[in-house]
Amino acid sequence: MAKIFIDEKLVEAKDGETVFQAAVRAGIHIPHLCYHPAFVPEGSCRMCLVEIEGLPKLELSCSTQVREGMKIFTQSEKIGEARKGTLEFLLAEHPLDCPICDKAGECKLQDYYKEYGLFESQFKEAKEKREKKVRIGENLILDQERCVLCTRCVRFLNEITKTQELGVFERGVRSEINIYENNLVDNNYSNNLTELCPVGAITDTDFRFQTRAWLLEKGESICSLCSRGCNIFIEYNPGFARIPRKKRVYRLKSRENSEVNEYWICDFGRYGYKYLDEERLEKIVQNKNGKQTVLSWEKAYLVLVEKIKALFLRKKISRMAVICHTGLSNEELFLIRKIFGDILRVEKIFIADPPQGEKDNLLLTAERTANRRGAEEIGFDFKPLDLEVIALKTDLLLIFGHFLAESFSLSDIKNALDKIGAKFLFTSHSSNLNDLVDIVLPVALVAEASGSLTNVDGKVQRYSPVLETCGDARALWQVLLSLAKELKINYKYFYPLASSEAILKQMGNEIPFFEKKND
């Protein structure tokens, strides 16, 4: 460890660390456009210049390694003038697009101009004209006039995806980012470029002109569309009084986690956000005699409890079956296993997951649910689901999730369910299954509840609600706890489990894998 001083503050820097990295760890902000912790420093933007005692010139903090006893200044008058001059050169060719730019409100160039600029333009010559709307990918639009040549996009495609679709063409004032001979950026991570771009040069057609950044709020969550469990931000419009909103969620962005997804998310997860709003189930619906009736949770619990008690008292619990999926949280799977497997002794408990998809060598996994590893550790048997076994001698069926319809044809499901007396479906979305069961109950998604997921590498990650639940939907772990209490089974066990944190702690007491995962 080297002891250095940054703005007269003593900082202990790691061996081989740069001045910039040491400053970041010390909570000292140094402006930058081209630097990114995932890439080798390039030093092309010249915004991170600092003054080092004993050296005649300003130095790049992103590439200068620390030495014992260094005295570094990041806010001197000399540095301010240098940053102001750099900004003037950057803005000399930059268009005045801020009012219509999608990056407005979160643009580093805007922020730095406010902090270091605020100068009158001295540029009298005609500006270079470049292409304003270059399609470089399926959802990517490049505005070459806004580009500050930080080359973050080029380095990402060279160093991370290794697909190398972008490059810097021409020289000097005519330098520009572009694709090679109309070969579009086409990989599973292409739209990380919109996040990497510090200005509004690369924009996303899915978000383009949809809303303004300052109208959105964001919350931390976990992507549940594959078993990697990438950390994300959900950016949503909270709504305004008397003004109807077009939609709730506008985009997902990556959230740094060095142990899971580093700084990235795949395009499959990024653009899969529409499931948060579309085709959502909001009311409890009972199908009876060809009519649909809306029920309360209390009434639904009463009907379900009566069905379960009737089988239990007649010692016919073997005529009950449960179908769930591994997109449920650790807490929900644990409660299903505890209530129906350990206490009620239901033998027919099956997993119905969506079919596997293509995986890649970076983040995307083949599993299209978020918690298969968690289900394995909890003790679920992944025996193949057989509809004939379900239909045979089953009087009560509980289905958690709508993925059953993705594994079997609707006619086969209908033929099987027609042979079962009572059917209950707990789901977040409307599907073709809704009309085949007696009662459909809405449940919350990961983004609307609290809980934890175990990713493919065995990392248990907690999450908290970002969005409000849709309609009357409730978190499934809350529904299961209420059901256990209504059934009056092992009251002393279930009563203390009043939160997802309490359930996870109990899991740690019973399952060695989760013992140290709930700190």
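For this chain, numbers begin at 1 and follow the sequence in order.
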Legend entry - Donor-acceptor pair between Asn187 and Thr163 side chains, under 3.5 angstrom: yes
Inset, instruction - Could you tell me whether His36 and Tyr263 have their ring centroids closer than 6.0 angstrom? - result: yes
Inset, instruction - Supply the atom-to-atom distance Glu331 CD to Ser450 OG, rounded to the nearest 0.5 angstrom. - result: 7.5 Å
Legend entry - Other residues, nucleotides, ligands: >12 heavy atoms within 6.0 Å of Glu159 CD: yes
Legend entry - Aromatic contact, Trp264 with Phe156 (centres under 6.0 Å): yes
Inset, instruction - Compute both the distance and the angle, then confirm whether Lys253 meets the cation-pi test with Phe233: under 6.0 Å from the six-membered ring centre, within 45 degrees of the axis. - result: no
Legend entry - N-O pairing of Asp206 and Arg270 below 4.0 Å: no
Legend entry - 4.5 Å side-chain heavy-atom contact, Asn257 and Gln461: yes
Legend entry - Over-ring placement of Arg251 relative to Phe207, 6.0 Å and 45° cut-offs: yes
Legend entry - Note: Arg208-Asp204 ion pair, threshold 4.0 Å (strictly below): no
Inset, instruction - Assess the side chains of Ser227 and Thr365: does a donor N or O sit below 3.5 Å from an acceptor N or O? - result: yes
Inset, instruction - For the residue pair Ile511 and Phe334, establish whether any side-chain heavy-atom pair is separated by less than 4.5 Å. - result: yes
Legend entry - Minimum heavy-atom distance Cys470-Arg248, with the two atoms named: SG-NH2, 3.6 Å
Inset, instruction - Output yes when Lys283 and Asp472 qualify as a salt bridge under the 4.0 Å nitrogen-oxygen rule, no when they do not. - result: yes
Legend entry - Interatomic spacing from CG in Leu445 to CG in Asp277 - rounded to 0.5 Å: 9.5 Å
Inset, instruction - Indicate the ring-plane relationship of His325 and Phe403, choosing parallel, tilted or perpendicular according to the 30° and 60° boundaries. - result: perpendicular
Inset, instruction - Establish, yes or no, whether the cationic atom of Lys485 lies under 6.0 Å from the six-membered ring centre of Phe494 and within 45° of the ring axis. - result: no
Legend entry - Beyond-backbone contact of Leu215 with Tyr250, side-chain heavy atoms, under 4.5 angstrom: no
Legend entry - Distance under 6.0 Å and angle within 45° of ring axis: Arg372 vs Phe380: no
Legend entry - Note: Arg280-Glu448 ion pair, threshold 4.0 Å (strictly below): yes
Legend entry - Rounded distance [0.5 Å steps], CG in Leu304 versus NZ in Lys307: 10.0 Å
Inset, instruction - Answer yes or no: is there a side-chain heavy-atom contact under 4.5 Å between Phe514 and Asn330? - result: yes
Legend entry - Short side-chain to backbone donor-acceptor contact, Lys423 and Ile420, under 3.5 Å: yes
Inset, instruction - Using side chain to side chain contact (heavy atoms under 4.5 Å, CB included) as the criterion, point out the one residue from Leu344, Leu313, Ile489 that pairs with Ile308. - result: Leu344
Legend entry - Within-4.5 Å side-chain heavy-atom neighbours: Trp297 and Pro442: yes
Legend entry - Electrostatic pair Glu501-Arg462, nearest N-O below 4.0 angstrom: no
Inset, instruction - Report yes or no: is the cationic atom of Lys338 (NZ for Lys, CZ for Arg) under 6.0 Å from the centre of the six-membered ring of Phe340, at an angle within 45° of the ring normal? - result: no
Inset, instruction - Before accepting this row, confirm whether a basic side-chain N of the pair Arg146/Asp97 lies closer than 4.0 Å to the acidic partner's carboxylate O. - result: yes
